[in-house]
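Everything on this sheet refers to the single structure shown next.
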Amino acid sequence: FKADGRQVYVAGDISVPGGTISLSTRDMSLLLDSFPNASDAQYSTLVIDGGANLSTAGRWINDYLDGPLSTTAKAIKGGTIELSSAYDLDLREGSSIDVSGGARLDTKGKLEAGNAGAIVLTTGGVKGSGFDFIDDGKPRDASLFLDGSLSGYSLGAGGKFEINTSALILGEKFVPDSRNWSRGDR
C-alpha cells in the first residue's frame with residue numbers, strides 16, 4: 001500500500017500481512033507563488049491518529065487443524081512500514097505500528113517461525129528529505145512525536161527500527177510538546 005500527498009492523515013486501519021505500507025508527504029510550499037509559502041510547510045505533516053493501526057505483521061497459520069487444503073495466505077514474515085514526512089511526523093497516543101512476525105504450524109505439526117519486519121520513520125529537515133534548506137539558509141526543523149506504540153516481535157529474528165530526523169534527544173532533556181510552536185520557536 002502506497003500513498004503520498006501534501007498531507008496524509010490516517011484515522012483508520014491499514015493491514016498488509018507481510019507486505020509494505022509506505023506513506024509520505026511532499027513539501028509543496030515553494031512550488032508556485034500562489035501556493036502556500038515556506039511558513040506553511042507545517043501543513044505537509046503526516047499524522048497517524050489515536051486508534052489508527054498500521055500493520056504488516058505476519059499471520060499465525062495452523063495448517064495442522066485446517067488440513068492440507070487450507071487456503072489461508074502463508075504470509076508469516078513481517079513486512080515494512082515506511083513513514084516519511086516533509087515536515088512533522090505525528091504518531092498520536094493510541095496509534096500502533098506492527099511489523100511482528102507470525103508463524104505456521106504445518107500439517108505434520110512442524111512450526112515455522114516468520115521474522116519481524118522493519119519500521120522506518122523520517123521527518124523533514126533531513127538532507128535529501130522533503131523539507132530541506134532553501135535560499136534563506138535556515139534549516140527547516142521538524143519533529144517526530146512518538147506517542148503511539150511500535151511492535152516488531154517474532155519467534156524468529158526481531159524487527160528493525162530506523163529514525164531519520166534533523167535532531168534526536170533521548171532522556172531527561174526532552175522539550176515540551178511543540179506541536180503548536182511556530183517555526184521560530186523550534
Side-chain angles (χ1 to χ4, degrees), residues 1-27 43-67 69-107 109-126 129-131 142-165 168 170 177 179:
F1 180 85
K2 181 176 183 174
D4 69 327
R6 181 170 178 227
Q7 283 186 307
V8 174
Y9 188 96
V10 179
D13 298 341
I14 301 173
S15 180
V16 185
T20 299
I21 296 173
S22 177
L23 304 175
S24 60
T25 62
R26 300 181 200 164
D27 174 23
Y43 298 110
S44 296
T45 58
L46 194 156
V47 176
I48 309 300
D49 205 1
N53 301 296
L54 303 179
S55 176
T56 59
R59 302 187 65 161
W60 289 85
I61 300 159
N62 189 340
D63 285 342
Y64 187 77
L65 288 179
D66 296 341
L69 300 178
S70 171
T71 59
T72 304
K74 308 299 188 235
I76 63 172
K77 294 179 182 175
T80 299
I81 297 178
E82 298 174 346
L83 305 179
S84 179
S85 179
Y87 198 63
D88 289 347
L89 177 54
D90 189 357
L91 305 175
R92 296 194 173 157
E93 184 176 351
S95 66
S96 71
I97 296 177
D98 189 1
V99 297
S100 296
R104 175 178 176 246
L105 187 62
D106 70 16
T107 56
K110 181 181 175 194
L111 183 67
E112 176 186 1
N115 295 334
I119 298 171
V120 180
L121 306 177
T122 303
T123 68
V126 177
S129 71
F131 197 51
S143 297
L144 170 62
F145 302 101
L146 189 51
D147 296 325
S149 67
L150 306 174
S151 302
Y153 304 105
S154 87
L155 295 175
K160 297 177 183 175
F161 180 51
E162 179 180 330
I163 296 177
N164 302 294
T165 189
L168 184 62
L170 301 173
D177 190 338
R179 283 180 181 90

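Throughout, numbering of the chain's residues begins at 1 and tracks the sequence.
- Atom-to-atom distance recorded for Glu82:CD and Ile119:CD1 is 11.5 Å, nearest 0.5 angstrom.
- In this structure the side chain of Glu112 never reaches within 4.5 angstrom of the side chain of Asp106, judged on heavy atoms.
- The shortest non-hydrogen separation linking Ala52 to Ala11 is CB-C, 4.0 Å.
- The closest donor-acceptor contact from the side chain of Asp98 to the backbone of Ser100 lies under 3.5 Å.
- Closest non-hydrogen pair, Ala116 versus Gly152, comes out as CB-O, 3.3 Å.
- Using a 4.5 Å cut-off on side-chain heavy atoms (C-beta onward), Asp90 and Thr45 make no contact.
- Side-chain contact, Ser96 with Asn53: a donor N or O sits under 3.5 Å from an acceptor N or O.
- More than 12 heavy atoms of other residues, nucleotides or ligands sit less than 6.0 Å from atom OH of Tyr9.
- Applying the 6.0 Å contact sphere to NZ of Lys160 captures no more than 12 heavy atoms from other residues, nucleotides or ligands.
- For the side-chain contact (heavy atoms from CB on, under 4.5 Å) with Leu89, the qualifying choice from Leu144, Val47, Leu146 is Leu144, the only one to do so.
- Side chain to side chain, Asp13 and Ser15 fail the donor-acceptor criterion of an N or O pair below 3.5 Å.
- Of the options Ile21, Leu46, Ile48, a side-chain contact (heavy atoms from CB on, under 4.5 Å) to Val10 is made by Ile48 and by none of the others.
- With Ser55 contributing its side chain and Ala57 its backbone, the two residues share a donor-acceptor pair below 3.5 Å.
- Side-chain contact between Tyr87 and Thr25: absent, with no pair of heavy atoms (C-beta onward) separated by less than 4.5 Å.
- Considering every non-hydrogen atom in both Pro17 and Arg59, the closest pair reads CB-CG, 3.7 Å.
- The backbone N or O of Asn115 lies less than 3.5 Å from no partner atom in the side chain of Ser154, so there is not a single donor-acceptor pair.
- From Thr56, atom OG1 reaches atom CD1 of Ile14 across 11.5 Å, with rounding to the nearest 0.5 Å.
- Side chain of Ser22 to main chain of Lys2: no donor-acceptor pair is present (N/O by atom type, distance under 3.5 Å, no hydrogens or angles).
- Between Lys74 and Ile61, the shortest heavy-atom contact is CA-CD1, 3.5 Å.
- From Leu105, atom CG reaches atom CG of Asn62 across 5.0 Å, with rounding to the nearest 0.5 Å.
- Note that the OG atom of Ser85 and the CD atom of Gln7 stand 9.5 Å from one another [nearest 0.5 Å].
- Note: Ile97 CD1 to Leu83 CG = 4.5 Å, rounded to the nearest 0.5 Å.
- Counting all heavy atoms, side chain and backbone alike, Ala103 lies closest to Leu111 at CB-CD1, 3.9 Å.
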